[in-house]
S.K.: 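Questions regarding the structure given below will be posed in turn.
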Amino acid sequence: MSKYDYDLFVIGAGSGGVRAARLAASLGKKVAVAEEYRAGGTCVIRGCVPKKYLVYGAAFGKAIKESSGYGWTVKGAKFDWASLRGEIQTEVSRLSSIYENVLDKNGADLFKERAEFTGPHALRLTKSGREITAKHILIATGGRPWSPEIPGSQYTITSDDAFHLDALPKRIMVIGGGYIACEFAGIFSGLGAKTTQVYRGDKLLRGFDDDVRSAVDNGQRLNRIDVKYGQSPLSIKKIGGGFKVTFEDGFQVATDLVMMATGRVPNTYGLGLEKAGVKMNDKGAVIVNEFSKTNKAHIYAVGDVTDRVNLTPVAIREGMAFVETVYKNNPTAYDHTDIASAVFTQPPVGSVGLSETDARAKHKGVKIYTTDFRPMKNLLSASQHRCFMKMITAGKKERVVGLHIVGDYAGEIIQAAAIAVKAGLTKADFDATCAVHPTLAEELVTL
Ligand code: NDP
C-alpha cells in the first residue's frame, strides 16, 4: 500500500498534462488530474484550435474575392460572426470532452477544480476543499495572456476573449508584433474589420529571420492591415461606442476594440509553489532541468509553465519524456533543437532551425539561398501575395541549419522539410530530391 493517495497528480489538463497522465495511467499508475477550467488547455480551448478555425474562416473571404479570376461569380456573399463563433465553440466542446474521455478510459481521475500545493507532496482542491497527496506531481498549468497596465487597459481584450466577442468590430487595433498579434490582425482583417496593428519594435516577429519578418510585413499590408511601428500605447479612453488610444509620442488612433497581444506569462500565480519548495525564475516560470525535473526530485513541470519553447507539440513531447523518465526507467531529455513552427498569418510562416543572424553567430561558412516569387495560383486570382523561401547552410558540406518559408501552405511544407533539417541533411540532399511539379514546395529542391 502506498502512503500516498495517487502515484501521480497532474495539475492542468492541457496538452502536456493530459498526455503524461494518460500514458502514466495506461502503465497502471494511479493518476489524478486537476483542471480549473476545461479539459484541453490553451491549445484546444483558447489557442491553436479555435484560432486555426478563425484563420480558415478568414481565408474563405479571400478565396471568394479571388475566385473571380477563376471564372466564379459569387453574389451576396456575407459573413456571419455569430455563426462561425458558435460552430467553433461546438467543436471546442467536442474536443474538450475527448480529452476528458481519454483520461477516463485510461483510468485517471479528473477533478474539475483548481489544485494548489499545501506541501511538497500535498495539494488542496480549492472548490471541494479536498486534500490529496501524491508520490509524484507534474505541474502543467500552461500560461496566460499578459498585458501592460495602462490607464484604460480594463477596456482591452486578449486572445482569450477574442473567441467570444458578441460581434465582430468594424475597427480593431491589435497591439503587439509576436505570433498572436500577427495571427489575429490577419484574422480580423480577413473577416472584414478595419485593422491596425501597432508594434513597439521596427519589424514584426522579433526572433524570426530578418527576411521572414520583412515578408510578413509585406503580407500584412497586402491584407490591408495598417501596421504601425515604434509605438507603445500610453492610455485608452472610451469615446462614444469606441476608444481613443494614445501612444507615447502623442500619436492617437480611434478604434472600436483594442486587443492586447503583448505576450504570455506562466500560470504559477497562487499555485503555492513556495509551500512545496519549488523554485521559479524571475518571470514566474518553473525552473526545470533537461528531464523537466524541478529542484524537488518528485516534482516535474512541462509545457508553457516552464517557458522553454511554448508550443503544444513541445509540451506533449515533454510530457512523454517525463513518463519515460519517471515510469519506464529510461531517462529522456526532450531535444529542443530544430523545432519547426508556423505562424498562421495569411500567407503563413513556416520555420525551422536558425535565422541567418543566429547561423552566422554559431557557424562558419554560412551560405544563403533564397527565392521570392508570385505563386502561379495568384497570377489568375490577381493576388499580389508572394512566396518567399530561404535556406541557410553551414560548413563545407552545406548542412541545412535553417529553412524558412512565407507562403501558402508554409506550415504544411515545413513540417515535412523539418525532418530533413532535424536529420542533418545537406543542400546536396535537397538537390538530389526530385521536384513535385507544379507545387510551391518544389522550390526547396531547386534553390
Ligand atoms: P510574443 O512574445 O510572441 O509577442 C509579444 C509581443 O508583445 C511582442 O511583439 C512584444 O514586443 C510585445 N510587447 C511586449 N510587451 C509590450 C508592451 N509593454 N507594450 C507593447 N508591446 C509589448 O507573445 P505572444 O503572446 O504573441 O505568443 C506567446 C507564445 O505563444 C509564442 O511565443 C509562441 O511560443 C506561442 N504561440 C504559438 C503560436 C503558433 O505556433 N502558431 C500561435 C500563438 C502563440 P517585443 O518584440 O519588442 O518584445
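In listed order, ligands and their atoms are each counted from 1.
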S.K.: Quick one: nearest non-hydrogen protein atom to atom 38 (C) of ligand 1, plus distance?
M.R.: Tyr179 CD2, 3.1 Å

S.K.: If you round to the nearest 0.5 Å, how far is CD of Gln197 from CZ of Arg221?
M.R.: 9.5 Å

S.K.: Tell me the protein heavy atom at minimum distance from atom 17 (C) of ligand 1, and give that distance in Å.
M.R.: Arg200 NH1, 3.6 Å

S.K.: Under the side chain to side chain donor-acceptor pair (under 3.5 Å) definition, can you give me all pairs with a residue in residues 171-186, not counting sequence neighbours?
M.R.: Lys51-Glu183, Arg171-Asp256, Tyr179-Ser341

S.K.: Among Gly178, Gly207, Cys182, whose heavy atom sits nearest atom 1 (P) of ligand 1?
M.R.: Gly178

S.K.: In chain order, what residues pass the ring-ring contact (aromatic ring centres under 6.0 Å, His included) check against Phe60, with sequence neighbours excluded?
M.R.: none

S.K.: Once the angle between the rings of Phe163 and Phe184 is folded into 0 to 90°, is it parallel (under 30°), tilted (30 to 60°) or perpendicular (over 60°)?
M.R.: perpendicular

S.K.: Relative to atom 20 (C) of ligand 1, which among Ser232, Gly411, Pro313 owns the nearest non-hydrogen atom?
M.R.: Ser232

S.K.: Identify which of Arg264, Glu248, Arg206, Arg308 has a heavy atom lying nearest to atom 48 (O) of ligand 1.
M.R.: Arg206

S.K.: For the aromatic rings, using the six-membered ring if either is Trp, is the centroid distance between Phe344 and Tyr56 under 6.0 Å?
M.R.: no

S.K.: Among Glu398, Lys390, Glu443, exactly one meets side-chain hydrogen bond (donor to acceptor under 3.5 Å, both in side chains) together with Tyr369. Which residue is that?
M.R.: Glu398

S.K.: In terms of residue, atom name and distance, what is the protein heavy atom nearest to atom 46 (O) of ligand 1?
M.R.: Tyr199 OH, 2.6 Å

S.K.: May I ask you to list the atoms of ligand 1 that are less than 4.0 angstrom from any heavy atom of Gly177?
M.R.: 6 (C), 8 (C), 9 (O)

S.K.: Give, for atom CD of Glu116 and atom CG of Leu273, the distance between the pair rounded to the nearest 0.5 Å.
M.R.: 10.0 Å

S.K.: To which protein heavy atom is atom 42 (C) of ligand 1 closest, and what is the distance rounded to 0.1 Å?
M.R.: Glu183 OE1, 3.3 Å

S.K.: At under 4.0 Å between heavy atoms, is it the side chain or the backbone of Leu311 that contacts ligand 1, or both, or neither?
M.R.: side chain

S.K.: Return the residue, atom name and 0.1 Å-rounded distance of the protein heavy atom closest to atom 35 (C) of ligand 1.
M.R.: Asn310 O, 3.3 Å

S.K.: Does only the side chain of Pro148 get under 4.0 Å from ligand 1, or the backbone, or both, or neither? Count heavy atoms.
M.R.: side chain

S.K.: Applying a 4.0 Å heavy-atom criterion (strictly less than), which segment of Phe184 is in contact with ligand 1: side chain, backbone, both, or neither?
M.R.: neither

S.K.: Can you find a non-hydrogen atom of Ala342 under 4.0 Å from ligand 1?
M.R.: yes

S.K.: Examine the proximity of ligand 1 to Cys48 and report which part, side chain or backbone, both or neither, has a heavy atom under 4.0 Å away.
M.R.: neither

S.K.: Other residues, nucleotides and ligands only: do more than 12 of their heavy atoms fall within 6.0 Å of OH on Tyr53?
M.R.: no

S.K.: On a heavy-atom basis, which atom in Leu271 and which in Arg114 lie closest, and how many Å separate them?
M.R.: N-NH2, 3.8 Å

S.K.: Which residue supplies the protein heavy atom nearest to atom 2 (O) of ligand 1, what is that atom called, and how far is it?
M.R.: Gly263 CA, 4.4 Å

S.K.: In Å and rounded to the nearest 0.5 Å, what is the CG to CG distance from Asn223 to Asn218?
M.R.: 9.5 Å

S.K.: Near Lys51, which atoms of ligand 1 are under 4.0 Å from a heavy atom of that residue?
M.R.: 41 (N), 42 (C)

S.K.: Could you tell me the separation between the CE atom of Met260 and the CH2 atom of Trp146, rounded to the nearest 0.5 Å?
M.R.: 8.5 Å

S.K.: Which one of Val309, Thr262, Asp307 has a non-hydrogen atom at the shortest distance from atom 22 (C) of ligand 1?
M.R.: Thr262

S.K.: Closer than 4.0 Å to some heavy atom of Ala261 - which atoms of ligand 1 meet that?
M.R.: 5 (C), 6 (C), 7 (O)

S.K.: Starting from atom 43 (C) of ligand 1, which protein heavy atom do you reach first, and at what distance in Å?
M.R.: Ile180 CG1, 3.4 Å

S.K.: Would one find more than 12 heavy atoms of other residues, nucleotides or ligands at under 6.0 Å from atom CG of Asp80?
M.R.: yes

